[in-house]
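First up is the structure itself, then whatever we jot down about it.
Chain identifiers are assigned alphabetically (A, B, ...) following the order of the sequence lines, protein sequences preceding nucleic acid strands; residue numbering begins at 1 within each chain. Only this structure's heavy atoms are used, side chains among them; waters, hydrogens and symmetry mates stay out.
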Amino acid sequence: MMGSPDPSTSEFVRRLVHERSAIVIDASKDYLVQSRLAPVARDAGLGGVDGLVEHLRRQPASPLRDVVVDAMTTNETSFFRDAAQWEALATHVLPELIERRRAQRTLTLWSAACSSGQEPYSIAMLMADRFPRVVAEWNVRIVASDLSAEMLGRAAAGRYSQLEVNRGLPAPYLVRYFRQVSGQWEVRDEVRQLVEFRALNLVEPWPGLPPVDVLCMRNVLIYFDAMTKRRVLSRVHDVLRPDGHLMLGTAESTLYSDERFRRVEFGRATTYQRRTA
Amino acid sequence: MRALIVDDSRATRAVLRRLLHGLSFDGIAEAGDGRQALEELSANGPADVALVDWNMPVMDGLEFVSRVRSDTANDVMRIVMVTTEADADHMVSALEAGADEYAMKPFTAAVIRDKLALLGVV
Ligand SMILES: C[S@@+](CC[C@H](N)C(=O)[O-])C[C@H]1O[C@@H](n2cnc3c(N)ncnc32)[C@H](O)[C@@H]1O
Ligand SMILES: [Mg+2]
């Protein structure tokens, strides 16, 4: 069972992951196929990664298909990842948007690849702390979505290990917005109920989304091929309000993929807005 | 940037020193307990940030923090508690005493870096 999988096995996995999620796994990362799927194969009693792939070839609709895609996906995240962007959100982006929405009293924020939930809960805590009146009196929607059912489950549960809450989360927020439950830290209901979770594949249709004021699509486009990235960004353009902001990961940029966005700099942070036609 | 590391474990001090060195701190002072740390402060003035253990002989971290905060000359110094105490009650006491941030042991380099970033120190 040890060693590398059959090359056609890796090829199959790469194609499956690309078809389902648009994520490109480089052939040089074939070792990941072994290290991430061996436990899946073992749990399913399929005797190794080659056996797992054999199973998927014979039963393309097997529930293991999504488990495999999940296992091959990078879910790394943390609370308030990239502090400068959150500072920009709290001190520039949100105050300005709130000013502009005084009449409508509606604000929609979307965390579009939310992984285990740290990002949407960071948004919710920030709103609750800095803009409590808006949260209490306006129609504030914080939508959190991801492709992975497993990640969504973790996100909705809102329970984190000590190591996870140690990273990036301000201590005053930890004591205020979490409670300790048998060695874990659980997001309090007042924060959790601000976030609505839903399954959403970014390369499939996005039904039922209202126009978005702040769209966090961070550290996910980076895994897509150029064509997919372009396609997704053009839909971002459609759902983003004309004065809304798109936040990307610090290693991502729309620059070469969509001329319809312009960069907005806030000190060390960057957001993107639709260019006005 | 100057830092002060206060921990009774020499091994922990060494780990933190290496970490801060990598974040381009230049002056890094160490103390093995709160009393030594106060002496360091009165000799050389406040650092930009202090990483402070809780459980130490002679004077523990909580008392050290309270004493530091009773002298406004130290207001410029950010304080991060770095401790095995991992419950909300300890956190609240530390924050009330005047600590700015709180990291639980065991930590990774990313944990400390994130905390310093939250305080605007790196
Ligand atoms: C590295 S995490 C980023 C989490 C968070 N946004 C952050 O920046 O910390 C990437 C997430 O993208 C999700 N993902 C990958 N492909 C996706 C797709 N096609 N549609 C929706 N989510 C996807 C993964 O499941 C994973 O949770
Ligand atoms: Mg100690």
Within the supplied structure, the quantity of interest is the number of heavy atoms (other residues, nucleotides, ligands) at a distance under 6.0 Å from [X] [atom1]; does it exceed 12?
{"X": "A/Glu252", "atom1": "CD", "value": "yes"}
{"X": "A/Arg268", "atom1": "CZ", "value": "no"}
{"X": "A/Glu76", "atom1": "CD", "value": "no"}
{"X": "A/Arg154", "atom1": "CZ", "value": "yes"}

Please tell me if the side chains of [X] and [Y] come closer than 4.5 Å, counting only heavy atoms from C-beta onward.
{"X": "B/Met104", "Y": "A/Leu174", "value": "yes"}
{"X": "B/Met91", "Y": "A/Pro172", "value": "no"}
{"X": "B/Lys115", "Y": "A/Pro170", "value": "no"}

**OP:** Could you tell me whether the side chain of A/Gln162 and the main chain of B/Lys105 form a donor-acceptor pair under 3.5 Å?
**Re:** yes
Nearest heavy atoms of [X] and [Y], plus distance in Å:
{"X": "A/Asn166", "Y": "B/Val111", "result": "O-CG1, 3.6 Å"}
{"X": "A/Trp185", "Y": "B/Ala86", "result": "CZ2-O, 3.7 Å"}
{"X": "A/Arg167", "Y": "B/Asp114", "result": "NE-OD2, 3.0 Å"}

Subject >> Contact origin within B/Asp87 toward chain A - heavy atom pairs under 4.5 Å >> reply: both
Original post:
What part of B/Val82 is in contact with chain A, defined as an atom under 4.5 angstrom from a non-hydrogen atom: side chain, backbone, both or neither?
Top reply: neither
Subject >> Largest heavy-atom contact set with chain B, pairs under 4.5 Å, which of A/Gly168, A/Ala83, A/Gly183 >> reply: A/Gly168
